[in-house]
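Below is one structure, written out as structure tokens; the observations come after it.
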Amino acid sequence: MIEQAPALIVIIPLLCAVLSPLVGRIGKNVGYVWVVLTLASSTIFAFITLKQVITHGVVHYRMGGWLPPWGIEYVIDHLNAMMLVLVSGAALLVALYSKRSVEQELPDKTVYFYTVFLLQVTGFLGIVITGDVFNLYVFLEVASLAGYALIAIGEKGAPLASFRYVVLGTVGACFYLLGVGYLYIVTGSLNMADLSNLLPALYGSKVVLVAFAFLLVGLALKMALFPLHVWLPDAYTKAPSTASALLAPLMTKVAIYVMLRIMFTVFKPYFSIEILPVTDIMLWVGIIAIFAGAIMALAQVDFKRMLCYIIVAEVGYMVGGVGVANAIAIKGTILHILNDVVMTLGLFAVAGILTYTMRQHDLSDFKAFFKKMPITMAAFVIVALAIIGVPPTCGFFSKWYLIQGAVMAGAWSYVVALLFSSLVNVILFFRIFEIGYEFHASHDAHGFDHEVSQVIQEAPLSMLIPTVIIAVLIIMIGLYNQPIIAGIIQHAVPKL
Amino acid sequence: MKVLGFIVTVLTGALLIYGTLDMPNYGDPDSPASSHVSPRYITDTEIDTATPNIVTSVLADYRGYDTLGETTVIFTAGMSCILILRRRKKSYKV
Amino acid sequence: MLEFIISKYNFWIYIILMMIGFYAMIAKTNLVKKIIGMNIFQTAIILFFVSTAYKSDATLPILLNSQGHGAGHHAAEQVIEVSQYINPLPHVLMLTAIVVMVATLGVALAIVIRVYRDYGTLNEDEIIKAIK
Amino acid sequence: MVFRKEDIIVSTIARILIPFIQLYALYVIMHGHYSPGGGFQGGVILGASMVLLLLTRGHDEAKYKIPENMVITLSSIGVLIYAGIGFLCILLLGNFLDYSKLAVLLHVDPAHARSLGILGVEIGVGFAVMAVMYSIFLDISTGGVLPEDEEPEEGTEA
Amino acid sequence: MILPFDIILQLFVIICAVAAITVKDLMSAVIILGAYSFFMCLMWAQMGAVDVAFTEASVSAGIGTILCIAAVMKTTRRTKD
């Protein structure tokens, strides 16, 4: 059964998603248990695959038994395997976390919510695992459609935000498809490995240049890179908290993963770096994204919206890291993908708890949180320190590699941008800590008491435990970053 | 918005047209698209799958996983529509 | 020159179509108009793919003189001329893309109905006015 | 609203047409090996026949013929047939979707097994597409508020 | 490829596309979109992509148009552009 593990990672969530509307009819909590079990088994198979990749090297899996250029092939190397564990693990944590929040926000739609939730995860896993550019498009659409639906059922204004996402997301997917079409017409192949063999002979061709540009622009739309990020803040702010906790960490990172795949596997690294000066453009776009995201995050009064702009800045980190284009910076980028999934998950988990207890998510709702929910706030402090980049947490190490790479490449403006963004994060989060401490002040400032009860009312356990796990993970990844880099990420860095 | 949209559209179109200049001619039987992967489908479909309609055999067998994805897309759309629109009596009356 | 234009003008027409759709997606304020633009854009991309499959003087990608069931046994005797049949692969891809198109259309229309339920209008400027 | 009061001409013609549309749809699915067509097209035509039933008979009658839960079950079953055939191949020690392994069960040669596997898959696609097309139309035409719950919805009607 | 037939179809398709996005009534726009899909399907049949043409005829020109009409009837056919 071991050699079938790669297929099972995707097939199990797919089969269970299809079964879930039927299973959901049995009882009230069955849907929740079903999702958790599904994702747990998917995570187990992802770990098995990761272990196989670490011990035996790249794993190939042929769908239907056909040879690669003719059939569809899974190619799982270290980068893939890491992303698989990350996606399925993060989805499992979100699923564990979702119970109370879904019951509160969508009481009569839990069955269909969990169905679409599983389909969303299936889409992400399918994108990450595949070795075929068109198959990637199909699963990109599965993930996008599920994402549109998950966002549209949020609070007031969510359908409009979701509609904007539909329009821009479709443009992104169509640009990707056009890029694939342009590649297909000159090579006749859709398999990534085959393409990367065929393309070097055609690097001067105008068709290939245009295809590359369209692939990158399409993915930039999906990953909300700065000038194209307009759909993101509204969509993730207004989505239900479980949906934003699933989408916000994973959607952008999966798109960044695909970008790495396109730039360094389908095209050879020297094409992306030397023949076309794409990386220079990406460096500058990344820097602008970091500044813009950080400054706009400062201006927000809504907690979730502030987090959305932090995501925009984080996307800037990773795109800029690829733009620096040396091995250390790309190592930092891949480590940052890992860290950012965990950190963003933590932030949105806290946002979900805030929404659950206060029914809204303004910054002022944090009032007296240290008194009311000490454990949640302790977890939040750890996540915030990681976002800022304080040493024992994981956020520090990826930033360290990014800065180290930038210094070696002489990209000082990128270093400045990173430091500036860390500084802004300090301001953002210490402002929240301050709000969390003050609770008598409100009485004086507004003239009436917001009936801040001083009794400890911790969040429900089903929400608290995943949040604490995330906080522990952040510290663990920070402490064990060397083994992770040596075992996995070192091999995932493309040979430049 | 209209002017901006027009400019973006024209630029994108110009880029796409620039790309077509190096393309194989329309209807060229020896273009890479028709000579790299697809000949195997045409010659072997009867031997491999006993199905004369090549599109069907490629769709459901050689690239069957794509079609599974396609079916999943359709299923997702159905579930999404139910999730977005359908309301129960109780929540509607409120 | 004329020969060059004749061999390429097909692609240019698809690009014009694509850009009509793309313009509608960006610049139109009515939500259903945006969806119509989306549909035109996707259809034009499908047209582009289908045209990459075309071979002049070739026939449909369905084998002629097939023996039907059990043909696997003596198929080896038949010689199949590759240039005789149109390239089937883009057709397969585009079948999938059409499905994706109609799925997106369905979800987008569902979302439009929700938007209309909230604001009572489909024009974006009026919706923005209603929010304020 | 899409649903109108019953009209005898329309409903009679629909009653005559629907079986033929469905027969044609089945032909399209089954004959996909030899002619253009296949699960997807046939499924859409089947779905269209159900939509025609819904349009001409109104929701009350369509609800008895095609209950809402059955639509969802059918769409699940469709994808399940597809993924199930693929999964069966794993159980028969092949890769996912490797229909030639079904030869053991069907007692035919591998090429033939693949042909039958394609047929099974097409039937699955047909089920899923039929049910989902009907379901999407039902949702969009009623705005998601199904008739047994329906009340005068004047607030949103233009 | 029959060149005159081809050019006429392409002309029709472009006219339909322009009309669909400029006409000031959503119901008309949606029905013109159906016609657009149908011409597109003829074009594909003419290029030998019968399967794709069949799908387009049943999906976009059939179900897609019906869905759009249902949605427009459920909302409004008024539009400003």
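In what follows, chains carry the letters A, B, and so on, assigned in the order in which the sequence lines appear, proteins first and then strands, with residues in each chain numbered from 1. If you're wondering where the values come from, they're calculated on a predicted model, not measured in any experiment. All values below were derived from every heavy atom in this structure, side-chain atoms included, with hydrogens, water molecules and symmetry-related copies excluded.
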Look up atom [atom1] in [X] and atom [atom2] in [Y], then write down how far apart they are to the nearest 0.5 Å.
X	Y	atom1	atom2	value
Met101(C)	Ser37(E)	CE	OG	6.0 Å
Trp44(E)	Ile98(C)	CH2	CD1	4.5 Å
Leu47(C)	Met47(E)	CG	CE	5.0 Å
Ile62(C)	Asp51(E)	CD1	CG	6.0 Å
Ile36(C)	Ile32(E)	CD1	CD1	8.5 Å
Tyr9(C)	Gln10(E)	OH	CD	4.0 Å

Under 4.5 Å from any heavy atom of chain E, what part of [X] do you find: side chain, backbone, both or neither?
X	answer
Asn123(C)	side chain
Leu31(C)	neither
Ile40(C)	both
Ser56(C)	neither
Thr59(C)	neither
Leu17(C)	side chain

Residues two or more places apart in sequence or in another chain: which of them pass side chain to side chain contact (heavy atoms under 4.5 Å, CB included) with Lys28(C)? Ala24(C), Lys33(C), Ile21(E), Asp81(E)
Do the non-hydrogen side-chain atoms of Phe49(C) and Val52(E) ever get within less than 4.5 Å of each other? no
Are the side chains of Val59(E) and Val99(C) in contact, using a 4.5 Å heavy-atom criterion? no
Passes side chain to side chain contact (heavy atoms under 4.5 Å, CB included), Arg117(C) versus Thr75(E)? Steps please. CA-CA 8 Å; Arg117(C) 217 186 260 167; Thr75(E) 57; over 6 Å; no
Closest non-hydrogen atom pair, Met43(E) against Tyr14(C): CE-CE2, 4.4 Å
What part of Thr79(E) gets within 4.5 angstrom of chain C, counting heavy atoms only: side chain, backbone, both, or neither? both
Could you have a look at Val30(E), Leu33(E), Ile63(E), Leu67(E) and say which one has the most heavy-atom pairs with chain C under 4.5 angstrom? Leu33(E)
Contact leader toward chain C among Gly64(E), Gly48(E), Ser60(E), where contacts are heavy-atom pairs under 4.5 Å: Gly48(E)
Phe38(E) CZ: over 12 foreign heavy atoms closer than 6.0 Å: no
Side chain to side chain contact (heavy atoms under 4.5 Å, CB included) evaluation trace for Cys68(E) with Leu105(C): CA-CA 8 Å; Cys68(E) 284; Leu105(C) 178 73; 4.0 Å; yes
With a strict 4.5 Å heavy-atom criterion, list every residue of residues 87-97 of chain C that contacts chain E, or say none. His91(C), Met94(C), Leu95(C)
Run the salt bridge (charged side-chain N to carboxylate O under 4.0 Å, His left out) check on Lys80(E) and Glu124(C) step by step: do they pass? CA-CA 10 Å; Lys80(E) 278 165 75 181; Glu124(C) 222 170 16; over 6 Å; no
Given side chain to side chain contact (heavy atoms under 4.5 Å, CB included), test Asp6(E) with Asn10(C) step by step and report yes or no. CA-CA 10 Å; Asp6(E) 215 40; Asn10(C) 276 288; 3.8 Å; yes
With chain E, which of Val115(C), Ile46(C), Ile35(C) has the greatest number of heavy-atom pairs at distances under 4.5 Å? Ile46(C)
Residues Val32(C), Arg77(E); criterion side chain to side chain contact (heavy atoms under 4.5 Å, CB included); working and verdict: CA-CA 9 Å; Val32(C) 175; Arg77(E) 50 196 288 183; over 6 Å; no
